[in-house]
Amino acid sequence: MVQAVVKFLKGKAGYCCREGRWRETVIFFAVPLLAGLFTIMKVFFNPHCRAFDSNDDVLHTFPQLFYAQEAMRSGQLPLMGLFNNFGSPLTGDALTYPFSLQALIYWFIPFEYGMAVARFLTAFLSVLLLTVFFRRWMSRTSASLCALLSFFAPHFIWYTATHHYQLTLAGLAALLICHDRWVSLRRAVDLVVLWGMFVLLFLSVSMNLAVFVSFFLIIYHFIVTGFRWQRSSTGFFLALAGGVAFVLPDLIYMFQSGLLSVRIGRAYPHVSPIQHVFWTPVALSLIGIAALVKRAEWRPALAVVLLGLCPTALVFLLIHFQQIWHAIPVLRNSDVSRFIWIATPFVMLGMGVCLDFVRQGSRAARAVVFLGLFFFLVELCFFPVYYNFALYRFRPMRWVWGLVILNVMGLVLFWTEGWFKAAWFRLFAWLLALAVLFLELHFAVFMVFGYFDMKTCRPDVIYYSDAGADRFHPRQLVGQFGQPGRLAG
């Protein structure tokens, strides 16, 4: 993986034209850095705001990690958490993960501040590693944009607030990079690194998501090898088996406790806005597939279809036809939108190829820009997930006229020749990329981070809580019990 980063910095990865070294460095480091700062920005503007969740973080993760640290300091393995439900096992626990990579932060930084550091590093690593992976197939600018879109996708960014979900995309991207190096070079050191990445995935990410990531990686491996068993296949499955064996007791206890859970007989309760799929990236991804097929690059095209579009379409159908969803024994108890977390980077792979195709400036590329902007406005106008956007409250007739004007502009772009095409086409291509980025950042700003009001911490937003919300206040707890009530312990 380190060699892949070095190769990226030297400008030798990928198939697109090389850009200036300074621009490459800025894109590679500055964009992930800004993404990390964006996720914790409110703590810099509001001194009474803390970047942790007052639910899972405060009630489960912080006390369990505190006990795990105390047990390890005394030379014991943290097998039981005494601060949760009168004692619950940490082996098989889906929230604590005391041996995870992000848990190391809380050994050096207090919990209320450590979560902000963890979220910053999560965003930085996720965008950085996804950029490296995408760079193999597209330009640096498109790779950086697709990495941002993958991380800030609504169905993922909402859950990255919690400890056990944070490294999902970073782990996926690291495994994809290590896998590609092992398949192409087949060196022992790459196999060891691949095994280490599997171990870190199972130790750091919610176990059910780690299983999903492994399933996607198996399909990706056979796509890369042309659905043939090669020498690299043996090493890949040995690395995967080694990672599973490393955490096998944890995996067994997780499934056993899951079968005993009271949730096993219940259907997933609701469908929230975070489960909606944005269709503009999907539409552009379809065009990217056509561009890949035209270049005879069948394997990335197949990865976009099987690992990106098919899971996204399946989740969309299950969400909108819940009778089918709730009739499937395992899926009925789960949030099926989590499949999209892993599928989104593969959808963005196709979209990034499409954006590079648009930069060619051909007549077909002009048509793609027109269609992309058309999809964007349709989605912005009629999807209820944008109800916080002020323009959404305008009368629908204004949007209809806007769509008509956009159609006329698209026809002009499609048929115009000469300086107008050269001067304005690049502007509209950038507008398309920014429009897609706006789709997701709008959701993050309004519904996840609450950045429309920087002076209020907004404890109802999962990403932030008021200072002191991680402390136990006995009087406050007792005050919640009415008379003549009592608390038995």
Side-chain angles (χ1 to χ4, degrees), residues 4 13-16 129-139 142-143 145-147 149-150 153 168-169 171-186 194 211-237 239-240 277-318 336 338-358 360 364 368 372:
Y15 307 110
C16 298
L129 294 173
L130 284 169
T131 303
V132 175
F133 171 70
F134 286 135
R135 182 61 187 91
R136 180 180 179 185
W137 312 106
M138 62 192 74
S139 66
S142 297
L145 176 64
C146 290
L149 292 173
S150 298
T168 303
L169 283 187
L172 171 65
L175 279 167
L176 288 170
I177 295 169
C178 293
H179 169 272
D180 289 346
R181 290 197 60 81
W182 161 245
V183 172
S184 60
L185 299 177
R186 291 200 299 271
L194 180 62
V211 172
F212 294 162
V213 169
S214 301
F215 177 72
F216 273 68
L217 280 168
I218 291 173
I219 299 176
Y220 178 78
H221 172 76
F222 283 112
I223 290 175
V224 171
T225 60
F227 295 95
R228 295 190 303 269
W229 188 272
Q230 299 179 355
R231 291 178 57 187
S232 61
S233 302
T234 304
F236 169 75
F237 280 98
L240 174 58
V277 177
F278 289 155
W279 291 108
T280 302
V282 173
L284 295 178
S285 183
L286 289 171
I287 300 172
I289 293 172
L292 288 169
V293 171
K294 185 177 180 181
R295 295 181 343 210
E297 296 181 9
W298 297 96
R299 292 175 182 176
L302 200 57
V304 175
V305 173
L306 294 182
L307 300 177
L309 297 181
C310 287
T312 301
L314 176 62
V315 170
F316 176 80
L317 291 175
L318 291 178
V336 293
R338 295 176 188 179
F339 283 101
I340 311 182
W341 300 7
I342 311 167
T344 296
F346 295 99
V347 174
M348 297 305 167
L349 193 158
M351 194 196 73
V353 174
C354 174
L355 293 178
D356 282 344
F357 171 73
V358 163
Q360 297 176 4
V368 169

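Quantities reported herein were computed from a predicted structural model and do not represent experimental measurements. In what follows, every heavy atom counts, from backbone to side chain, and hydrogens, waters and symmetry copies are set aside.
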Name all residues meeting the side-chain contact (heavy atoms from CB on, under 4.5 Å) criterion together with Pro311; count only those two or more places apart in sequence or in a different chain, and write none if there are none. Phe216, Ala343

Are any non-hydrogen side-chain atoms of Val347 and Thr312 less than 4.5 angstrom apart? yes

Can you list everything that forms a side-chain contact (heavy atoms from CB on, under 4.5 Å) with Ala283? Sequence neighbours excluded, please. Phe375

Output, in order, the C-alpha distance, side-chain angles, deciding distance and verdict of side-chain contact (heavy atoms from CB on, under 4.5 Å) for Trp298 and Val293. CA-CA 6 Å; Trp298 297 96; Val293 171; 3.5 Å; yes

Using modelled atom types only, decide if a donor and an acceptor are shared between the side chain of Asp356 and the backbone of Met138 within a distance under 3.5 Å. no

Is any side-chain heavy atom of Phe227 closer than 4.5 Å to one of Ile223? yes

Please name all residues satisfying side chain to side chain donor-acceptor pair (under 3.5 Å) with Thr168, sequence neighbours left out, ordered by chain then number. none

Is the side chain of Arg135 donor-acceptor paired with the backbone N or O of Ala143 at a distance under 3.5 Å, no angle test? no

Does Phe357 reach the side chain of Leu292, with side-chain heavy atoms less than 4.5 Å apart? no

Residues two or more places apart in sequence or in another chain: which of them pass side-chain contact (heavy atoms from CB on, under 4.5 Å) with Leu317? Phe321

Side-chain contact test, heavy atoms from C-beta onward, threshold under 4.5 Å: evaluate it for Cys146 versus Met351 and give yes or no. yes

Check the pair Phe212, Leu172 against side-chain contact (heavy atoms from CB on, under 4.5 Å), reporting the backbone distance first and the verdict last. CA-CA 10 Å; Phe212 294 162; Leu172 171 65; over 6 Å; no

Is the shortest heavy-atom distance from the side chain of Phe134 to the side chain of Ser150 under 4.5 Å? yes

Which heavy atom in Ala174 sits nearest to a heavy atom in Leu129, and how many Å separate them? CB-CD1, 4.0 Å

Counting distance only, does the side-chain N/O of Ser184 pair as donor-acceptor with the main-chain N or O of Arg181 below 3.5 Å? yes

Check whether any side-chain heavy atom of Phe133 lies under 4.5 Å from a side-chain heavy atom of Pro345, and answer yes or no. no

When Ile289 is tested against each of Leu349, Leu309, Leu302 for side chain to side chain contact (heavy atoms under 4.5 Å, CB included), which residue passes? Leu309

Would you list the pairs meeting side-chain hydrogen bond (donor to acceptor under 3.5 Å, both in side chains) in which at least one residue belongs to residues 211-231, sequence neighbours left out? His179-His221, Asp180-Tyr220, His221-Ser233, Trp229-Thr234

Using the test side-chain contact (heavy atoms from CB on, under 4.5 Å), find all partners of Ile218 that sit at least two apart in sequence or belong to another chain. Phe222, Phe236, Phe237, Leu240

